There are 2 protein chains.
Amino acid sequence: MSLTPTIDATIDDQAARAAWLYYVGGLTQDQIASEMGLSRQRAQRLVSRAAAAGLIHVRLNHHLARCIGLEAALRERFGLVRCRVMPGLGPSRDPVRSIAPAAAEEMERVLAESGSRVIALGTGRALRGMVDALSPVEAPQHRLVSLLGNIALDGSASYFEVIMRLAEKVRAPHYPMPVPVLVDTVEENRTLQALGAVRKVRGLAQKADVTFVGVGQMSEDAPLMTDGFLTPDELHEIQRAGAAGEVAGWIYDGQGRYLDLSLNARLTGVRVEIATPERPVIGIAAGAAKIVALRAALTSGIINGLVTDEPTAAGILAG
Amino acid sequence: MSLTPTIDATIDDQAARAAWLYYVGGLTQDQIASEMGLSRQRAQRLVSRAAAAGLIHVRLNHHLARCIGLEAALRERFGLVRCRVMPGLGPSRDPVRSIAPAAAEEMERVLAESGSRVIALGTGRALRGMVDALSPVEAPQHRLVSLLGNIALDGSASYFEVIMRLAEKVRAPHYPMPVPVLVDTVEENRTLQALGAVRKVRGLAQKADVTFVGVGQMSEDAPLMTDGFLTPDELHEIQRAGAAGEVAGWIYDGQGRYLDLSLNARLTGVRVEIATPERPVIGIAAGAAKIVALRAALTSGIINGLVTDEPTAAGILAG
DNA sequence: GGTGCGCGTGAGTATTTGCCCATACGGCGA
DNA sequence: TCGCCGTATGGGCAAATACTCACGCGCACC
């Protein structure tokens with residue numbers, strides 16, 4: 001066996017080693033360069049590559065007093081099973097950055113269970129951030145199941161694939177919803193629902209032990225619209241019907257009651273029903289635009305767990 | 001509730017917030033300063049304070065090819081239940097920095113078990129590093145027990161307290177060994193061993209489900225000597241008797257067989273007997289000086305799990 | 001009340017890092 | 001074979017960061 005420790009096969013190996021020396025060892029990029037026999041620029045590129053590729057995870061080991069206070073208040077007011085409030089990053093930054101590591105910790109807590117669990121998953125940017133922030137763990141004892149598909153009306157797949165990425169990281173059996181989120185007609189939907197594959201996934205999702213979902217707002221920047229599931233006209237009509245938010249595509253009003261919309265008959269996904277302490281539904285969402293949607297979902301108990309950030313938590317409680 | 005988000009009570013809160021903005025948010029220290037209403041220097045100090053205090057944890061999300069190879073080789077050669085090899089940090093750096101995060105992950109894996117476990121712990125710098133690198137988790141279902149005390153012959157407590165720190169982080173019931181590691185006479189030892197408290201701790205330690213220990217070398221820089229448990233003369237005598245290493249104070253030879261020393265009768269701690277797959281003993285150690293001690297302990301099966309670094313792993317396998 | 005000590009602060013400065021650009025390398029089609 | 005294009009590389013430079021030092025404040029002790 002060669003004793004030269006610095007020769008690795010792949011570029012990712014090099015990047016990981018450079019990042020290790022940088023972040024864990026505390027070497028400067030110059031030192032890394034000479035240690036690994038590279039130019040400083042290359043060392044710098046490797047470190048930044050590792051950071052960009054998510055090879056290194058940074059976590060804060062301290063609950064801020066203010067965040068703890070908000071957690072306690074939310075827990076009490078809405079009877080939450082789980083609640084995490086992370087510090088905000090200022091208005092100009094994506095709040096997903098802030099909540100993703102905490103959401104990943106919640107997911108890891110579930111994955112660490114030795115008994116077999118069924119874990120249901122929504123879609124969206126926040127969930128995708130959670131998966132990206134997750135440390136790979138072998139957890140083949142669990143089953144992962146989608147609540148809804150990943151394909152828009154026009155056939156395009158969403159960028160924010162969640163279940164496959166997660167399955168890859170934890171090596172668990174997974175059951176994506178193999179149909180578009182929304183179909184054109186009620187008949188089409190009926191046909192799809194009759195498919196064995198769809199029925200199996202639905203059945204599994206409905207008995208999920210724990211569910212992780214994003215929460216969508218129904219304002220002008222509604223993810224349902226920006227992701228191409230609704231036209232602006234449809235959105236406005238639904239807004240007039242009192243829409244406050246949406247979980248896995250199912251739209252509810254300001255009290256968190258699901259709305260009886262014609263759209264519903266064309267939705268293929270599984271509707272998340274009222275969460276229980278034994279089968280919690282964890283909402284992962286943050287941002288000023290989502291405050292109303294979150295408060296409604298918490299009020300009626302569509303979700304009974306929450307990972308959010310400080311300003312969002314304050315906003316929810318202020319209402 | 002105040003909506004000014006940047007005023008925190010304690011300095012640690014401030015440090016944690018600054019570090020969060022810096023590491024997770026990616027703000028510059030200038031931006032943090034204006035966000036929190038501080039001078040840039042103060043922001044810098046807060047960030048470095050948080051880093052020094054271990055408020056932030058960095059973990060690498062990638063197994064280097066070379067390390068995986070070493071892990072596989074060690075596993076195969078010594079029949080290990082668990083094995084982690086982390087990249088080395090170069091000869092001038094403390095290898096504990098390198099192995100502590102990986103050891104913490106192993107510990108977290110045990111703590112995440114939902115069933116109640118008895119976790120036995122040795123002492124030493126490596127274990128202390130592991131505890132420092134551990135993320136706080138509530139794990140009150142487990143019991144933590146010391147294999148040996150923390151007090152030297154002269155009554156001074158070791159700097160590397162492990163069990164209390166760990167208990168604090170995980171909020172688990174804990175049973176420190178309430179006596180000095182080594183006593184002056186055999187009679188004293190007999191008296192102490194008769195104490196109910198000691199017998200209870202010994203009993204618990206002997207039925208531990210998993211054990212984490214450091215591994216001490218018996219060369220001139222033996223931790224047993226530098227920590228004040230042995231005089232140089234005693235060390236040399238024991239070296240002549242064939243000492244290769246030590247686990248929890250119990251000294252063994254180059255084949256990992258415990259030596260029959262007069263010293264043994266004055267040791268108060270629990271001797272780690274042969275590990276089994278059901279009740280693994282994980283060794284946490286790295287450094288060129290420890291290679292011989294580790295190889296011996298692995299050979300006889302005193303430990304059947306290992307967390308070490310790359311050069312140490314290569315050295316063990318080279319013998 | 002003076003004096004010395006320790007701690008925290010801000011200014012200045014050296015080091016380190018991130019980024020841009022010119023250049024070299026290698027594949028590929030004309 | 002030549003020229004083109006995409007990619008990777010190292011030099012240089014501006015920004016960001018870490019360190020040092022002198023100062024000021026509070027506090028305890030004299």
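First the proteins, then the strands, lettered A, B, ... as listed; each starts at 1. Everything numeric here is computed off the predicted structure, so don't read it as measured data.
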Q: C/dG18 phosphate, OP1 or OP2: any side-chain N/O from A/Gln44 under 4.0 angstrom?
A: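 True: A/Gln44 side-chain N/O within range (under 4.0 Å) of C/dG18 OP1/OP2.
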Q: Is it true that B/Glu106 and B/Arg82 have a side-chain N and a carboxylate O under 4.0 angstrom from each other?
A: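 Salt bridge: yes.
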Q: Nearest 0.5 Å, what's the CZ-CG distance between A/Arg125 and A/Leu127?
A: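 Reported to 0.5 Å precision, the distance equals 12.0 Å.
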Q: Any chance the side chains of B/Thr10 and B/Asp12 put a donor and an acceptor closer than 3.5 Å?
A: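 On atom types as modelled, these side chains do not qualify, holding no pair under 3.5 Å.
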Q: Pick base, sugar-phosphate or nothing for B/Gln29, based on heavy-atom distances below 4.0 Å to the nucleic acid.
A: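 Contact class for B/Gln29: sugar-phosphate only.
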Q: Looking only at side-chain N and O atoms, does A/Tyr22 come under 4.0 Å of OP1 or OP2 in C/dT16?
A: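 False: A/Tyr22 side-chain N/O out of range (4.0 Å or more) of C/dT16 OP1/OP2.
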Q: Whole Å only: how far is the CE atom of A/Met36 from the P atom of D/dG10?
A: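 After rounding, the gap between these two atoms is 13 Å.
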Q: Which pair of heavy atoms, one from B/Arg59 and one from B/Ala133, lies closest together, and at what distance?
A: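 Smallest heavy-atom distance, with atoms named: NH2-O, 3.4 Å.
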Q: Give every pair of a protein N or O atom and an N or O atom of nucleotides 22-27 of chain C that lie under 3.5 Å apart, one pair per line with the distance.
A:
none

Q: Could you state the CD-P distance from A/Gln31 to C/dT16, rounded to the nearest angstrom?
A: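 Going from CD in A/Gln31 over to P in C/dT16 covers 7 Å.
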Q: Could you tell me the separation between the CD atom of B/Gln41 and the C1' atom of D/dT17, rounded to a whole number of Å?
A: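 Atom-to-atom, B/Gln41 to D/dT17, this comes out as 11 Å.
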Q: Looking at CD of B/Gln44 and CG of B/Asp30, how far apart are the two atoms once the value is rounded to the nearest 0.5 Å?
A: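 Here the interatomic distance stands at 11.5 Å.
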Q: With no hydrogens and no angle check, is any side-chain donor or acceptor of B/Trp20 less than 3.5 Å from a backbone partner on A/Pro87?
A: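 Yes: the side chain of B/Trp20 pairs with the backbone of A/Pro87.
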Q: Using five pairs at each end of the helix from C/dG1-D/dC30 to C/dA30-D/dT1 to define an axis, what is the angle between those two axes, to 10°?
A: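 Comparing the first five pairs with the last five, the axes sit 10° apart.
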Q: Can you find a heavy atom in the side chain of B/Met36 that is under 4.5 Å from one in the side chain of B/Leu21?
A: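 With C-beta onward as the side chain, the pair touches.
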Q: Would you say A/Arg75 has more than 12 foreign heavy atoms packed within less than 6.0 Å of its CZ?
A: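 Yes, enclosed.
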Q: Run through A/Arg45, A/Arg42, A/Arg49 and flag the one making a side-chain hydrogen bond (donor to acceptor under 3.5 Å, both in side chains) with A/Gln14.
A: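 Exactly one pass, corresponding to A/Arg42.
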Q: Tabulate atom names and distances for all N/O pairs under 3.5 angstrom spanning the protein and nucleotides 6-9 of chain C.
A:
residue, atom, partner, partner atom, Å
C/dT9, OP2, B/Arg42, NH1, 2.8

Q: Run the side-chain contact (heavy atoms from CB on, under 4.5 Å) check on B/Leu121 and B/Ser146 step by step: do they pass?
A: CA-CA 5 Å; B/Leu121 295 154; B/Ser146 281; 5.6 Å; no
Q: Less than 4.0 angstrom from a charged side-chain N to a carboxylate O is my criterion; do B/Glu310 and B/Arg84 meet it?
A: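 The answer is no: the pair does not qualify as a salt bridge.
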Q: Atom CG of B/Leu27 to atom C1' of D/dT17: distance rounded to whole Å?
A: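 The distance from CG of B/Leu27 to C1' of D/dT17 comes to 15 Å, rounded to the nearest Å.
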Q: Could you state the CG-P distance from B/Asp30 to D/dA15, rounded to the nearest angstrom?
A: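 Result: 12 Å.
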Q: Roughly how many Å is it from OH in B/Tyr23 to P in D/dA16, rounded to a whole number?
A: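 Rounding to the nearest Å, OH of B/Tyr23 and P of D/dA16 are 17 Å apart.
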